[in-house]
J.: 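Pasting a structure below so you can have a look.
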Amino acid sequence: MKVLVLGAGVIGTSSAYYLARAGAHVVVVDRQPSAAQETSFANAGQVSPGYSTPWAAPGIPLKALRWMFQKHAPLALRLDGSLFQLQWLAQMLSQCNSARYAINKERMTRVAEYSRDCLRELRAETGIAYEQRSKGTLQVFRNQAQLDAVQRDIAVLRECGVPHALLTPEELVRVEPGLAHASGRLTGGLHLPNDETGDCQMFTEQLAQQCQALGVEFRFGQSIEAIAHAGDEVTGVIVDGQVVTADRYVLALGSYSRQMLAPLDLRLPVYPVKGYSLTLPLLDESLAPQSTVLDETYKIALTRFDKRIRVGGMAELGGYDLRLDPRRRATLEMVVQDLFPGGDLAQASFWTGLRPMTPDGTPVIGATRLRNLYLNTGHGTLGWTMACGSARVLADVVSGKTPGISTEGLGLGRYDRAAQHGRRATAPAAV
């Protein structure tokens, strides 16, 4: 079986790895010169199953209105002139209630927990190294309202069997000694000891080498122009003007997935949510995080690599604009200076990327109405966290095997209007 994977970010490369392990002949196509050059390039570095939380949550609409007038707001909205943006926002707002939040968080946690287990297994099998740490995630709160609101997350964590601990301000320093100077500004924290960290780009590049050893062919620097189809199947993908054919096709194009599917009458509500990061050389280890610390107020993650601190966050809804906004840099600098001033800001590198976000936060994994087309996209801010698990589920679905976790609620069927009106999928669907 020949499988063509579109996209060589962490999702596409992980998909290629598990497909190759399942015995498929895999070809990966990407417009960049090497793997992980876009959204996977400089993300926050966290592998945080316990923090797999939908952005669509009760209270978010009112918070979003307040954020519009704040200097260091975690969310910014700029109308891009498209009807799709308004439709996507309406869909997201419809998810901002307690019932939908619990459903969506369970789905996200299910994939993310499985993914962490798959990552550990992969690491043991391959010996792959990417400056990883296994010291957990610490979510810190600056006010009592945040502490009260986290009880909703704790209920789902408890239901899913995820280890966690709610910490007092004094206990925070035991987990993250570098917070000692800032403990007076924090009201507490949620510690998730099973979470991990690591450089996503480094991981993806090394995994691509593992893929090549399994016979995967990477075709870099080639533009994917369109997906050709006839009836209920894909007949090929047009790449640099040439038709490339396979038995199965996997779409892992992140924020660019929606446009590729639109001509096929497949409605995929994935919107590009812009995020930023700073990467600072480490100067003082006593003023640096040991793992990942998430600042709940600003929705910013601070992650420790070997000799660097990665500061990532922000969410801008404004289309495909990749310009670097100095105001966002100022916010990242403010947060890292406030919590962990152990890095060299003067030598920091500033980056931006587009996260492929669904309205409910859950990725889209599995089959489509076209019997040989499969999706692995829409992971939002958690692509690195969910990469191995979603790729393994995808490979199982493509291969006709039973996945290691339930695929309920993960497929396109929850969004695709035509599918909901009774068009039958002719391949095993993760819906």
Side-chain angles (χ1 to χ4, degrees), residues 44-55 57-60 63 66-67 70 72-74 98 101-102 105-106 108-109 112-113 116 133-197 282 284-304 309-313 331-332 334-343 381-382 385:
Q46 62 191 93
V47 180
S48 300
Y51 194 69
S52 297
T53 301
W55 282 65
I60 283 295
K63 287 182 181 179
R66 290 198 300 268
W67 286 335
Q70 293 179 9
H72 295 295
S98 296
Y101 181 88
K105 184 170 176 62
E106 185 281 326
M108 295 170 71
T109 301
E113 288 282 314
R116 186 202 50 234
R133 291 174 173 236
S134 301
K135 297 185 177 183
T137 294
L138 178 63
Q139 182 182 8
V140 296
F141 310 114
R142 295 176 182 263
N143 57 59
Q144 186 61 41
Q146 293 170 348
L147 266 177
D148 295 339
V150 81
Q151 295 301 324
R152 182 175 56 233
D153 290 335
I154 288 175
V156 179
L157 293 173
R158 189 179 296 118
E159 181 182 340
C160 296
V162 179
H164 61 277
L166 195 60
L167 306 181
T168 65
E170 295 73 26
E171 291 171 328
L172 296 178
V173 180
R174 187 185 71 236
V175 176
E176 285 286 355
L179 284 175
H181 74 100
S183 59
R185 297 189 290 279
L186 304 173
T187 59
L190 178 65
H191 187 224
L192 302 160
N194 282 353
D195 287 1
E196 302 185 1
T197 62
L282 185 60
D284 186 344
E285 294 198 18
S286 70
L287 294 174
Q290 295 297 306
S291 189
T292 290
V293 173
L294 292 156
D295 188 324
E296 176 63 16
T297 299
Y298 301 102
K299 306 291 186 182
I300 286 174
L302 304 98
T303 297
R304 172 72 177 274
I309 301 173
R310 173 71 53 77
V311 189
T331 298
L332 296 174
M334 181 271 294
V335 172
V336 71
Q337 283 294 93
D338 186 45
L339 296 181
F340 295 106
T381 60
L382 295 164
T385 294

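Values reported hereafter were calculated over all heavy atoms of this structure, with side chains retained and with hydrogens, waters and symmetry mates removed.
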J.: Which residues pass the salt bridge (Lys or Arg N to Asp or Glu O under 4.0 Å) test with R142, sequence neighbours left out?
T.: D295, D338
J.: Which heavy atom in A182 sits nearest to a heavy atom in L339, and how many Å separate them?
T.: CB-CD2, 4.1 Å
J.: How long is the gap from CG on L167 to CZ on F141, to the nearest 0.5 Å?
T.: 9.5 Å
J.: Scan for side chain to side chain donor-acceptor pair (under 3.5 Å) pairs involving residues 169-178, sequence neighbours excluded, and state none if there are none.
T.: T168-E170, T168-E171
J.: Would you indicate whether the side-chain heavy atoms of Q290 and P177 approach each other to under 4.5 Å?
T.: yes
J.: Consider only side-chain N and O atoms of K105 and T53, and report whether a donor and an acceptor are under 3.5 Å apart.
T.: yes
J.: Going from CD on E106 to OG on S52, what distance comes out if it is rounded to the nearest 0.5 angstrom?
T.: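 Interatomic distance, E106 CD to S52 OG, rounded to 0.5 Å: 11.5 Å.
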J.: Check whether the side chains of T187 and Q146 place a donor and an acceptor atom closer than 3.5 Å, and report yes or no.
T.: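 Side chains of T187 and Q146: no pair found under 3.5 Å.
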J.: Would T292 and T197 count as having a side-chain donor-acceptor pair, cut-off 3.5 Å?
T.: no
J.: To the closest 0.5 Å, what do you measure between CG (D195) and OG (S134)?
T.: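 So the CG of D195 and the OG of S134 are separated by 10.0 Å.
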J.: Please list, chain by chain and in numerical order, all residues satisfying salt bridge (Lys or Arg N to Asp or Glu O under 4.0 Å) with R310, sequence neighbours excluded.
T.: none
J.: Tell me if a side-chain donor or acceptor on S291 pairs with a main-chain N or O of R133 at a distance below 3.5 Å.
T.: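 Flag not set: sc S291 to bb R133 has no pair under 3.5 Å.
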J.: Return the set of residues passing salt bridge (Lys or Arg N to Asp or Glu O under 4.0 Å) with E196 (not counting sequence neighbours), or none when no residue passes.
T.: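 Listed in chain order: R120, R123.
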J.: For A180, is there any backbone N or O sitting under 3.5 Å from a side-chain donor or acceptor partner on S183?
T.: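 Side chain of S183 to backbone of A180: a pair is present.
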J.: Indicate yes or no: at least one non-hydrogen side-chain atom of H181 is less than 4.5 angstrom from one of L287.
T.: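 Yes, their side chains come closer than 4.5 Å.
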J.: Applying side-chain contact (heavy atoms from CB on, under 4.5 Å), name anything that partners T331, two or more places apart in sequence or on another chain.
T.: H72, I300, M314
J.: Tell me the side chain to side chain donor-acceptor pair (under 3.5 Å) pairs involving residues 150-167, sequence neighbours left out?
T.: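 Residue pairs passing side chain to side chain donor-acceptor pair (under 3.5 Å), neighbours aside: Y101-D153.
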